[in-house]
Amino acid sequence: MTIDEKVRKTLIELNVTDAASVEALFAEVRTAFEAERANLVSRRASSESERDRLCKDLRDRWLARKNGLLSSVDEHWLKLASKELKPVAGRQFNELRKVSPCMEVGELAKEVRVAEASSSAQAASTQAGISGDYWHDPNPPVAPSHDRQARAAQIASGTTEVFPPIASPPDLTLPGNRRPLGSLHPVTQMQREIEEIFLNLGFWIESGPEIESVYYNFDALNIPESHPSRDDWDTLYIDSKTVLRTHTSPVQIRALEKYGAPLYIIIPGKCYRHDNPDASHSPMFHQIEGLAISSDMTFADLKGTLDFFARKLFGEKVRTRFQPSFFPFTEPSGEVSISCIFCGGQGCRVCKESGWIEVMGCGMVHPQVLRNGGIDPEKYAGWAFGLGVDRFAMLKYDINDIQLFFQSDVRFLTQF
Ligand SMILES: [Zn+2]
């Protein structure tokens, strides 16, 4: 009985009644498949298309949903197996599916092509009396010549093993493949630009942890227990004593403890707040904090420095305006606005017709904050400011949605 006939009978009809017979039956199917596959290789298709056709025939014969050998096995042996034989038949069927030509025709054709090549190499070396095992061969093959004609002669005379033919040398005159280069993210560019201005003024860059203690984030900065910014709605707590820092200001205290006074630093970095993402809010954003401490620091130094900074960044025509404000860690505190860079102060949509755009907070460092950092407020005074880098980048590049910075859209990013 051929395998085609067998797969169309049930196990009972085949008189298969125990597990061992089921295994033997499936082994027979596997052998039949391997034989057909080997046959395909030995036929040596004369062309790619013929090989593809043979592979497709083999695949269809075994795997076609309708009338394929495997679906017949499923239909007649597995589904109709007795309760006792079902588990072993199921296992065997799964094994069979693994070794059977359960693959794309293209894959199968490739495999057959490789098998053909290796069997022809074997045949050639056997013919030439050369073993494939170079290391123990007393008469190793002659190295193949790199000259094509000489090599053809070598192969013909059997003095060298058949290697795949030498590919034609690459054409060095062809243009190369240009790989696109990335560039710095617009927020990083803005940050570097701001850093550059302060580095030239003699400040240096300091950094600190993004996972911060409640002490450094709030207590040491004179932010009282009752302050609304400590609320769960504004701050992302990791536990009752640890937060994702809500600003870069904790690094002020860390730097004061580490270096003492005098001190001139800027602190760029990521901050986190419990904000829903929208056009002007992101739960993660970037700040740059500035801190200057010396024995004779005044509010005039603060004004002069920030005025210089604004003109360096936005152009010489930009004017600055300071208005009183309140922050727990500075006294007095101020808000800095710049004259609108879009309308020059005439009033437009961006500045809401006021001619001014508020860009940062600042103030003289609160004496208690100095004390918390181990500095004597009788001897030293200082000022600080904080600005949002993302917001500055939005202003500078005229971007109206902060989310664009964090969506990794290459069409957006390649513009910078
Ligand atoms: Zn304007």
Side-chain angles (χ1 to χ4, degrees), residues 182-195 205-254 266-291 325-330 333 335-336 350 352 357-362 384-416:
S183 60
L184 288 176
H185 191 278
V187 172
T188 307
Q189 289 186 30
M190 190 75 241
Q191 180 179 323
R192 299 253 171 112
E193 211 174 317
I194 296 171
E195 284 172 1
I205 298 171
E206 190 63 21
S207 62
E210 289 170 30
I211 300 175
E212 188 54 282
S213 68
V214 165
Y215 171 76
Y216 281 113
N217 198 75
F218 293 125
D219 299 333
L221 289 166
N222 206 33
I223 302 175
E225 291 269 0
S226 57
H227 197 274
S229 69
R230 292 204 185 208
D231 202 305
D232 284 359
W233 295 105
D234 289 312
T235 301
L236 294 157
Y237 282 86
I238 289 174
D239 58 40
S240 61
K241 289 191 170 145
T242 321
V243 297
L244 290 178
R245 69 177 179 194
T246 57
H247 47 183
T248 42
S249 311
V251 187
Q252 286 193 18
I253 304 291
R254 290 180 175 273
I266 54 168
I267 307 150
K270 291 190 176 76
C271 308
Y272 303 85
R273 285 185 198 171
H274 206 299
D275 274 329
N276 282 325
D278 62 26
S280 53
H281 294 87
S282 164
M284 186 282 295
F285 56 99
H286 301 80
Q287 269 197 342
I288 290 185
E289 184 98 2
L291 177 68
S325 182
F326 172 78
F327 303 109
F329 34 88
T330 45
S333 304
E335 259 163 21
V336 186
V350 181
K352 299 190 182 92
I357 303 173
E358 194 230 305
V359 290
M360 59 180 135
C362 66
F385 70 87
L387 61 86
V389 185
D390 319 83
R391 195 168 140 61
F392 267 63
M394 287 168 79
L395 273 180
K396 176 122 185 177
Y397 304 124
D398 196 9
I399 295 162
N400 55 19
D401 186 349
I402 193 172
Q403 298 304 323
L404 287 167
F405 287 138
F406 309 123
Q407 287 165 345
S408 298
D409 186 334
V410 175
R411 291 168 302 179
F412 169 75
L413 294 172
T414 46
Q415 297 175 59
F416 302 93

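- Around the CG atom of Asn276, the shell of radius 6.0 Å holds no more than 12 heavy atoms that belong to other residues, nucleotides or ligands.
- In this structure a side-chain-to-backbone donor-acceptor pair under 3.5 Å is missing from Thr242 to Asp239.
- Across all their heavy atoms, Met360 and Gly386 have their closest contact at CB-O, 3.1 Å.
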Residues Arg230, Tyr237; criterion side chain to side chain contact (heavy atoms under 4.5 Å, CB included); working and verdict | CA-CA 9 Å; Arg230 292 204 185 208; Tyr237 282 86; 3.9 Å; yes
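- No donor-acceptor contact under 3.5 angstrom links the side chains of Asp234 and Thr246, judged on distance only.
- Rounding to the nearest 0.5 angstrom, the gap separating the CZ atom in Phe392 from the CG atom in Leu387 is 4.5 Å.
- Residues Ile223 and Ser229 form a side-chain contact, since some pair of their non-hydrogen atoms from C-beta on lies under 4.5 Å apart.
- Residues Thr248 and Pro268 fail the side-chain proximity criterion, which asks for heavy atoms closer than 4.5 Å.
- Applying the salt bridge (charged side-chain N to carboxylate O under 4.0 Å, His left out) test to pairs two or more places apart or on separate chains, those with a residue in residues 387-407 are Glu193-Lys396.
- Applying the salt bridge (charged side-chain N to carboxylate O under 4.0 Å, His left out) definition to pairs two or more places apart or across chains, none involves residues 241-253.
- Listed by first and then second residue, the salt bridge (charged side-chain N to carboxylate O under 4.0 Å, His left out) pairs involving residues 403-416 are Asp409-Arg411 (not counting sequence neighbours).
- Here the side chain of Gln403 pairs no donor or acceptor atom with the backbone of Ser282 at under 3.5 angstrom.
- Side-chain atoms of Met284 and Phe406, non-hydrogen and from C-beta on, do get closer than 4.5 Å to each other.
- Side-chain atoms of Ser280 do not come within 3.5 Å of backbone N or O of Ile402 as any donor-acceptor pair.
- One distance of note links CE of Met394 with CE of Met190; it measures 13.0 Å at 0.5 Å rounding.
- Tyr216 carries Arg254 over the face of its six-membered ring, with the cationic atom under 6.0 Å from the centre and within 45° of the normal.
- Once rounded to the nearest 0.5 Å, the distance linking CZ of Phe385 with CD of Glu289 reads 8.0 Å.
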